[in-house]
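Everything below concerns the one structure shown next.
What you are looking at is a predicted structure, and each value in this text was computed from that prediction instead of being measured. In what follows, every heavy atom counts, from backbone to side chain, and hydrogens, waters and symmetry copies are set aside. Residues: numbered from 1 along the sequence shown. Counting starts at 1 for both ligands and their atoms, in listed order.
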Amino acid sequence: MNIKEKLLKVCENVCFCEPMKKHTTFKVGGPADIFCEPKNIEEIKNIMDVLKDEKINYLIIGNGSNLLVADKGLKGAVIRIGDKMSDIKVCGTRMYAQSGALLSKTANMALKNSLTGMECISGIPGSVGGAVYMNAGAYGTEMSQIVNSVTYMSAKGEIKTILNKDIGFGYRKSFFTDSDNIILYCELQLEEGKAEEISARMKEVSIKRTSKQPLSVPSAGSVFKRPEGYFAGKLIEECGLKGFSVGGAEVSQLHAGFIINKGDATAADVMAVIKHVQEEVYKKFGIILETEVKILGEH
Ligand SMILES: Cc1cc2nc3c(=O)[nH]c(=O)nc-3n(C[C@H](O)[C@H](O)[C@H](O)COP(=O)(O)OP(=O)(O)OC[C@H]3O[C@@H](n4cnc5c(N)ncnc54)[C@H](O)[C@@H]3O)c2cc1C
């Protein structure tokens with residue numbers, strides 16, 4: 001059996017030469033050699049066994065909202081943990097979310113059950129897995145404040161549970177950053193609240209987001225990490241770079257921390273804008289802007 005046949009035998013949703021622009025909110029990125037969307041833990045394990053046998057590297061993605069994939073695409077396999085693994089269960093004030101569940105869906109489930117704690121992060125367009133990996137956060141709440149434990153599969157295929165105190169959450173990083181572990185599900189600890197108040201807070205945060213962020217065009221959110229003591233967007237704006245563009249990629253006029261895809265941007269265009277912004281901010285302020293967005297493949 002060749003690799004295609006082996007994978008098709010263990011996973012219903014496998015394709016080859018899959019354009020990554022279909023799976024990233026930036027809507028850029030060339031093809032992944034292999035693209036799998038497992039529907040349960042057993043399929044993940046079987047895919048991993050095949051990849052290990054064939055010595056093929058893999059990359060896990062969630063909703064693709066923090067990724068910049070090269071135009072040449074990705075060698076090896078991409079395993080997407082998305083809506084096929086997105087169950088959410090509620091038990092008292094605890095929620096159990098599979099890693100493919102969107103944060104928005106999880107927050108809506110919390111609202112339905114009058115549980116408070118997720119309002120501020122309800123508008124982040126990531127999956128629970130991606131949000132844990134990144135320790136995503138907004139408006140004063142980050143994942144580290146609501147995660148009790150995370151269950152994951154190690155690269156060897158073992159299933160382990162790690163408690164919050166051992167996850168090493170930091171600014172946009174966690175125990176999972178740069179590891180091969182696959183986040184499977186997450187136990188969240190929320191608090192009892194009042195549905196009307198939770199709903200009002202979610203609306204308030206959503207209005208803030210819509211007025212301050214370019215949400216109607218493709219992007220990957222804030223491209224750069226916040227340098228200590230500064231805001232990346234403000235530094236970029238002060239360099240006069242709002243609206244700076246290369247090809248189809250442009251520094252957003254609404255929020256200078258965002259780079260938007262005006263429709264036909266390539267990853268090379270986005271990279272050129274990133275480099276220019278980094279150079280100009282360094283020249284003017286001596287500050288190095290590090291990317292928050294994960295840059296994948298050969299650029
Ligand atoms: C319009 C917009 C607004 C945004 N606003 C915010 C914001 O306010 N705050 C914020 O923090 N972020 C924000 N982001 C960025 C992004 O949504 C978050 O980083 C989010 O947590 C990424 O989740 P994802 O599922 O899309 O992960 P992906 O982008 O698919 O992946 C991100 C990283 O997580 C890893 N990963 C994903 N799933 C798993 C898994 N199951 N197991 C192991 N590793 C995994 C990937 O390998 C990758 O390294 C925004 C993005 C956009 C487009």
Side-chain angles (χ1 to χ4, degrees), residues 20 23-29 32 37-38 41 44 48 57-69 74 77-86 97-107 119-145 147 150-155 162 167 169-186 205-206 208-210 212-226 232-233 252 254-255 257-261 291-297:
M20 288 302 293
H23 303 284
T24 61
T25 56
F26 237 143
K27 304 283 175 234
V28 299
E37 277 195 272
I41 295 176
I44 299 180
M48 300 273 282
N57 290 332
Y58 64 88
L59 167 79
I60 309 297
I61 68 162
N63 200 40
S65 63
N66 200 41
L67 308 179
L68 174 60
V69 177
L74 297 172
V78 170
I79 303 175
R80 177 175 190 265
I81 314 275
D83 47 7
K84 293 181 174 55
M85 287 188 67
S86 61
Q98 280 192 309
S99 53
L102 289 175
L103 277 186
S104 55
K105 189 177 149 195
T106 314
E119 297 87 319
C120 293
I121 55 171
S122 56
I124 299 176
S127 65
V128 165
V132 167
Y133 181 104
M134 294 298 301
N135 189 21
Y139 305 110
T141 301
E142 54 180 34
M143 288 304 284
S144 62
Q145 292 164 256
V147 167
V150 175
T151 299
Y152 65 96
M153 187 183 288
S154 72
I162 184 166
I167 300 178
F169 281 121
Y171 175 58
R172 300 295 173 262
K173 65 175 184 191
S174 69
F175 161 82
F176 296 99
T177 309
D178 299 328
S179 78
D180 288 333
N181 298 311
I182 304 174
I183 300 166
L184 301 172
Y185 57 90
C186 185
V205 167
S206 160
K208 261 195 199 166
R209 257 183 199 281
T210 321
K212 296 211 165 96
Q213 299 179 357
L215 300 183
S216 58
V217 278
S219 80
S222 296
V223 172
F224 303 100
K225 288 185 186 164
R226 204 173 51 228
S252 164
L254 194 58
H255 185 319
F258 280 50
I259 294 175
I260 57 164
N261 176 357
T291 51
E292 174 173 328
V293 165
K294 302 281 170 197
I295 297 173
L296 305 171

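In summary, the atoms of ligand 1 found under 4.0 Å from a heavy atom of Ala220, numbered by their order in the structure, are 51 (C), 52 (C), 53 (C). Here is the list of ligand 1 atoms found below 4.0 Å of a heavy atom in Leu215: 1 (C). Near Ser99, meaning under 4.0 Å from one of its heavy atoms, ligand 1 places the atoms 41 (N). For ligand 1, the atoms sitting less than 4.0 Å from at least one non-hydrogen atom of Gly126 are 17 (O), 20 (C), 23 (O), 24 (P), 25 (O), 26 (O), numbered in the order shown with element in parentheses. Ligand 1 places these atoms under 4.0 Å from at least one heavy atom of Thr25: 53 (C). In summary, the atoms of ligand 1 found under 4.0 Å from a heavy atom of Gly130, numbered by their order in the structure, are 21 (O), 23 (O), 24 (P), 25 (O), 27 (O), 34 (O), 37 (C), 38 (N). Every atom of ligand 1 is numbered from 1 in the order shown, and the set under 4.0 Å from a heavy atom of Met134 is 19 (O). Every atom of ligand 1 is numbered from 1 in the order shown, and the set under 4.0 Å from a heavy atom of Ala138 is 8 (O).
Where the criterion is an N or O separation shorter than 3.5 Å, residue side chain and backbone included, Ile60 meets it with respect to ligand 1. No N or O atom of Gln213 sits closer than 3.5 Å to an N or O atom of ligand 1. Here's the thing with Ser127: one of its N/O atoms is less than 3.5 angstrom from an N/O atom of ligand 1. Of the N or O atoms in Gly137, one or more lie within a sub-3.5 Å distance of an N or O in ligand 1. On a distance-only criterion, Ser219 and ligand 1 share no N/O pair closer than 3.5 Å. An N or O contact shorter than 3.5 Å links Gly64 to ligand 1 by distance. An N or O contact shorter than 3.5 Å links Arg209 to ligand 1 by distance. In terms of N/O distances under 3.5 Å, ligand 1 is approached by Asn66. Between Ile183 and ligand 1, an N or O atom pair is found at a separation short of 3.5 Å. Of the N or O atoms in Gly62, one or more lie within a sub-3.5 Å distance of an N or O in ligand 1.
Ser222 places no side-chain N or O within donor-acceptor distance of the main-chain N or O of Phe224, the cut-off being under 3.5 Å. Of the possible donor and acceptor atoms, one in the side chain of Asn63 sits under 3.5 Å from a partner among the backbone N and O of Pro125. A side-chain donor-acceptor contact under 3.5 Å links Tyr171 to the backbone of Arg226. With Tyr185 contributing its side chain and Met85 its backbone, the two residues share no donor-acceptor pair below 3.5 Å. No donor-acceptor distance shorter than 3.5 angstrom exists from the side chain of Asn135 to the backbone of Ser174, with no hydrogens or angles considered. Side chain of Ser99 to main chain of Leu184: a donor-acceptor pair is present (N/O by atom type, distance under 3.5 Å, no hydrogens or angles). Using a distance-only test at 3.5 Å, with no hydrogens or angles considered, a donor-acceptor pair links the side chain of Thr25 to the main chain of Ser219. When atom types are taken as modelled, the side chain of Arg172 and the backbone of Val293 share no donor-acceptor pair closer than 3.5 angstrom.
To the nearest 0.5 Å, atom OH of residue Tyr152 and atom CD1 of residue Ile162 are 5.0 Å apart. The distance from atom CG of Leu103 to atom OG of Ser127, rounded to the nearest 0.5 Å, is 7.0 Å. Residue Phe169 holds its CZ atom at 7.0 Å from CE of Met143, rounded to the nearest 0.5 Å. Between atom CD1 of residue Ile124 and atom CD of residue Glu142 there is a gap of 9.5 Å, rounded to the nearest 0.5 Å.
What sits closest to atom 12 (N) of ligand 1 on the protein, heavy atoms only, is Ile124 CG2, 3.9 Å. Residue, atom and distance of the protein heavy atom nearest to atom 53 (C) of ligand 1 are Gly221 N, 3.3 Å. Residue, atom and distance of the protein heavy atom nearest to atom 50 (C) of ligand 1 are Pro125 CD, 3.7 Å. Here the protein heavy atom with the shortest distance to atom 20 (C) of ligand 1 is Ser65 OG, 3.8 Å.
Closest heavy-atom approach to atom 49 (O) of ligand 1 among the candidates Tyr185, Tyr133, Tyr139: Tyr133. Checking Ile44, Leu67, Asp178, Val223 against atom 48 (C) of ligand 1, the nearest heavy atom belongs to Leu67.
Around the NZ atom of Lys105, the shell of radius 6.0 Å holds more than 12 heavy atoms that belong to other residues, nucleotides or ligands.
Contact annotation: for Asn63 versus ligand 1, heavy atoms closer than 4.0 Å belong to both the backbone and the side chain.
The side chain to side chain contact (heavy atoms under 4.5 Å, CB included) with Leu296 is formed by just one residue from the set Thr24, Val78, Leu74; it is Leu74.
Asn181 counts as a contact of ligand 1, since one of its heavy atoms falls under 4.0 Å from the ligand. Within the structure, ligand 1 has Arg172 among the residues with a heavy atom less than 4.0 angstrom away.
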For this session: Go through Asn181 and Ser179 one step at a time and tell me if the side chain to side chain donor-acceptor pair (under 3.5 Å) criterion holds.
Result: CA-CA 6 Å; Asn181 298 311; Ser179 78; 3.2 Å; yes
Exercise. Can you check side-chain contact (heavy atoms from CB on, under 4.5 Å) on Ile81 and Ile60, steps first, answer last?
Worked result: CA-CA 7 Å; Ile81 314 275; Ile60 309 297; 3.8 Å; yes
